[in-house]
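Notes for the one structure printed next.
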Amino acid sequence: MMEKYNFEDIERKWQEEWHASGAHRVREDADGEKYYALAMFPYPSGRLHMGHVRNYSIVDVLARYKKMQGYNVLHPIGWDAFGLPAENAAIKNQMPPAQWTYSNIEHMRGQLQRLGLSYDWDREVTTCRPEYYRWTQWIFLELYKQGLVYRREANVNWCPSCATVLANEQAEGGVCERCEASVELRSLEQWFLKITEYSEQLLNDLEKLRGWPEKVKTMQRNWIGRSEGVRVEFEIEADTDMRGVSAETGTRIAVFTTRVDTLFGVSYLVLAPEHPLVEELVRETPYERDVAAFVQRFKGVNEQARTADDVEKEGMFIGRCGINPLSGERVPIWIANYVLLQYGTGAVMGVPAHDSRDFAFATKYGLDIRCVILEPGKELGEGQGRQGVREAYCGEGKMIHSGRFSGMESGEAKDAMADELEGLGRGIRQVNYRLRDWLISRQRYWGAPIPMVLCPKCGDVPVPEEQLPVLLPEDIEFKQGENPIKSSPSFGEAVCPCCGGKARRETDTMDTFMCSSWYFLRYCDPRNEGAAFARDKTAYWMNVDQYVGGVEHAIMHLLYARFLVKALRDCGHVGVDEPFENLLTQGMVCKDYLRDDGRTVVVKMSKKLGNVVSPEDIVSRFGADTARLFILFAAPPERDLEWNDHGVEGCYRFLNRVWRLVLEVRDSGFGASNSHEPVSHESADYALSALDGDTRKVLQRIHATIKKVTHDVGTRFNFNTAISAVMELVNELYLYKKDISPLKDSGLESGSEKLQGRVAREAGSAVLIQGIRTVLVLLAPFVPHIAEELWQVMGQVKDISSLNKAGSPEARDSLNVGSSKGSTPQTSIFAEKWPRYREDCLEEEEVMIVFQVNGKVRDRLLLPAEVARSEGELRECVSELPRVQQLMGGKTVVKTIVVPGKLVNIVVK
RNA sequence: GCGAGUGUGGCGGAACUGGCAGACGCGCUGGUCUUAGGAACCAGUCCUUCGGGGUGCAGGUUCGAUUCCUGUCACUCGCACCA
């Protein structure tokens, strides 16, 4: 009676074995080529979800595969452990965030280990531990030294009832997610990193990232938002009263435009309501009161709400006029909600005829709409009023009504007008970025404290390096409201490192993105107590060869990490420009969900909807190997994956099938142990050509599978098709095994026939065993436990090794997957070399050729390979095909296309 | 709005540089075995009026299009203080 596939015992056994032998520990090795496989580290939310399982399974396959290929593989894991949920849990459960976090990590670490992921646990990193955040603080100070850190007032979402700062997501619709009070913008002192100083580099270096999905690069490009244009200055009309305008702010309004060619179409100027000039321009004018009221209305509204699609454009005239620097025309100055202070100069020129936003605004307020660019192929009547213009034309065209620029192409005019403005000192070519500086301060407890001291005498003073880490206080009271860190009686008090006087300690903590922007560097040297990382360690391991994670991190995390690496490079701490060589963005794990309206839809698994499947449940019912196999088989990694319980069962069935195949082979006398008398040397020395057709076919399939799986795993990351190829091989081995079963030996043949038969059978057995070994090795990265177990079983099957004599030692090596070298039950399958396929084994004896008439398949023929490859012979074949001849009857052959080895297409009329 | 992506059986998905559409798996149908259920195994499974027709829809390029081009429709995702 064959033992059952007992995944529980097997998985436990091998996990213990790997742990005991330190199978996944890794260190720098000058001889080996390194490979750094990295999954985005998890937030310790409590338990793993299927998205984690998918992410880590993908990376584990790559890590194990590369290792079998002989690479020195770094495959680490850690915890992105700071963040708001821990604080919320602290308030709810009256438990310190640290305790909540560490117990979550404890549980999730167990879950990861249960999945058999090949992490080097000695390198585990936890961002909320002082040993780690000490270096996060150090990095902050390094940036500070470089002048990349500054503090200024900035608007934050503030909930007056909770007395706290909210993230945008917590303030959706302008309402606090917890108490539903309406959120206001509050101006507070905030810490920023000058990421904008790197805008150009962050944009340009995207070119270097050949291994990144185009989609992510496009998102980053848009995010950085480079635009070339001209900063144009409009003089404020001289004959108006200038009382309010100070010398510093000047008497001009600067606007930024990418369409300087439309300058003659300007019919008004608009300032953002918060623009510093506004107040001065209206001071002591009849407009002062109304403008103040208007500005007040928009002060409390956050930008997101103000710029949303459905928000009506609103504005008002402020009683002043500007002068168009090229046309000399007077244009009224307005303020409006659709102009943002943060972008460009906080002011725009209104060109209703050629900008759809301006068009909407001008239409609403009855402002002039002047057409200055003619859409190609269209004509414009006399009179450039509002009549006839139904929508803004935003394209290029011929210049009209633009003084001496009329008649030019708009592209030409752009240059000419920019030149002229520059000559007049009224404009300058400028590049603008949408990217803004990174606000890293959080008025929260559970984060790395910003290592600064605010001294009344010396100002902002960095904490000296030797005083790091600035530890999070533990004498904290957790309750709804203000930053809990302020409840510590001692934390806020500090001695100024500069003057020794009494000072205040900064109580803001850092954005958790800061912690996760350098963890991949720490993995290279995780226990270093004297530095964040040693330069030679990062020099060896960096860059990350393959980074895998959800596309939700396409912008922020990946941009911040790129920025920090560049900044650290400029501080002399790392030698690379970019951290992540190749990036794979995996899709979401979805499941069907019955909506209220009775329709079933497939959406992302979420607790809220209740369509989740717990990894723990699947692992305990089917095992880690099945869970991994299914999640890799159900869809290619970058696509969304639909969870299907039946599909999981299918994968479980497949593993059982592999299990039985191996055990049956072990038990039913395949292999040399079955021989009653030794097969003579000569008869055992098979040449490939001496193998019978079926055996050759199986051998061919084995090598074709090696080729496909290697390509699918190593190059395409299409694990689903790799797995299906192995399934096909298993199906074929099953059929083949039945054919050559030793039980078929009737013993009725004559002596020589018997010998011949046995020789053939032994060749068959050898190929079968080789096939099974191949299956196990190819499956090992996906389902490591069962592969390891069955590899051990195969160690008990004696190898005939007859095929060893079929070629050179190298060829032998690749032909006999992991046989030879006296494979013993003690040898791990992961010590095996990843197999290489043999070209000569791939060649098929017969090839299926398709015959088409006018592009439609009419016949197929299985032809010997030489015939199939010969164009001449294929042409001849056609005349022998009755079906083709019949369809050609009475018609003239126009031409015949022959694709050797594939098809023949006859075009007839 | 701006930007990106995806549309193939009952379902998840294959088809790599244009060359047999539907690999592999699920589900379903019939059978073998079984007291029965399950498991396992075997056969079948796009539609069809048997001519042929089929890859969201309409065109185009080509001997030949799921693949390339143009237009169109539908859906999905991203767009600044959660992680």
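We name chains A, B, ... by the order of the sequence lines, and we start the count at 1 in each one. Please read these numbers as outputs of a predicted model, since none were measured by experiment.
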Side-chain ion pair, A:Lys697 and A:Glu732, N-O less than 4.0 Å = no
Which sits closer to the 5' end of RNA chain B, A:Met219 or A:Pro44, going by the nucleotide each is nearest to?
->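 Result of the comparison: A:Met219.
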Would you classify B:G5 as syn or anti? Syn applies when the glycosidic angle is within 90° of 0.
->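 Classified anti.
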Identify whether the glycosidic angle of B:G54 places it syn (within 90° of 0) or anti.
-> anti
Whole angstrom value for the distance that separates [atom2] of [N] from [atom1] of [X]:
X: A:Arg221; N: B:G3; atom1: CZ; atom2: P; answer: 14 Å
X: A:Ile224; N: B:G3; atom1: CD1; atom2: P; answer: 17 Å
X: A:Glu649; N: B:C24; atom1: CD; atom2: P; answer: 20 Å
X: A:Leu193; N: B:A80; atom1: CG; atom2: C1'; answer: 14 Å
X: A:Asn731; N: B:C26; atom1: CG; atom2: P; answer: 10 Å

With sugar-phosphate meaning primed atoms plus P, OP1 and OP2, does [X] contact a base, only sugar-phosphate, or nothing at under 4.0 Å between heavy atoms?
X: A:Glu214; result: nothing
X: A:Arg653; result: sugar-phosphate
X: A:Ser45; result: nothing
X: A:Leu435; result: base
X: A:Asn222; result: sugar-phosphate

Any A:Ile58 side-chain heavy atom under 4.5 Å of A:Leu632 side chain = yes
Which nucleotide in the set [options] lies at the smallest distance from any side-chain heavy atom of [X]?
X: A:Thr512; options: B:A83, B:C20, B:G3; value: B:A83
X: A:Glu728; options: B:C20, B:A40, B:A23; value: B:A23
X: A:Val857; options: B:C26, B:A4, B:A21; value: B:A21

With [atom1] as the reference atom in both, quote the distance from [N] to [M] in angstrom, rounded to an integer.
N: B:U61; M: B:G71; atom1: C1'; answer: 15 Å
N: B:G53; M: B:A21; atom1: C1'; answer: 13 Å
N: B:U62; M: B:U48; atom1: P; answer: 35 Å
N: B:C16; M: B:C11; atom1: C1'; answer: 25 Å
N: B:U17; M: B:G7; atom1: P; answer: 15 Å
N: B:C46; M: B:G10; atom1: P; answer: 10 Å
N: B:A23; M: B:A74; atom1: C1'; answer: 28 Å
N: B:G22; M: B:A14; atom1: P; answer: 15 Å

For A:Phe361, is the NZ or CZ atom of A:Lys313 found under 6.0 angstrom from the centre of its six-membered ring and inside 45 degrees of the ring axis?
->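 No, a cation-pi geometry is absent between A:Lys313 and A:Phe361.
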Would you give a per-nucleotide map of nucleotides 13-18 of chain B, 5' to 3', where B means the base has a protein non-hydrogen atom under 4.0 Å away, S means only the sugar-phosphate does, and - means neither?
-> SSSB--
Plane angle bin for [Y] and [X] - parallel if under 30°, tilted between 30 and 60°, otherwise perpendicular:
X: A:Phe630; Y: A:Trp643; answer: perpendicular
X: A:Tyr198; Y: A:Phe563; answer: perpendicular
X: A:His557; Y: A:Phe513; answer: parallel

Pick from A:Asn720, A:Thr721, A:Asn718: which one makes a side-chain hydrogen bond (donor to acceptor under 3.5 Å, both in side chains) with A:Asp712?
->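 So the option named by the test is A:Thr721.
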Would you tell me whether A:Trp191 and A:Glu506 have side-chain atoms, one donor and one acceptor, within less than 3.5 Å of each other?
-> yes
Hey, are A:Tyr150 and A:Asp437 close enough side-chain-wise for a donor-acceptor pair under 3.5 Å?
->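 A pair is found: one side chain offers a donor N or O, the other an acceptor, under 3.5 Å apart.
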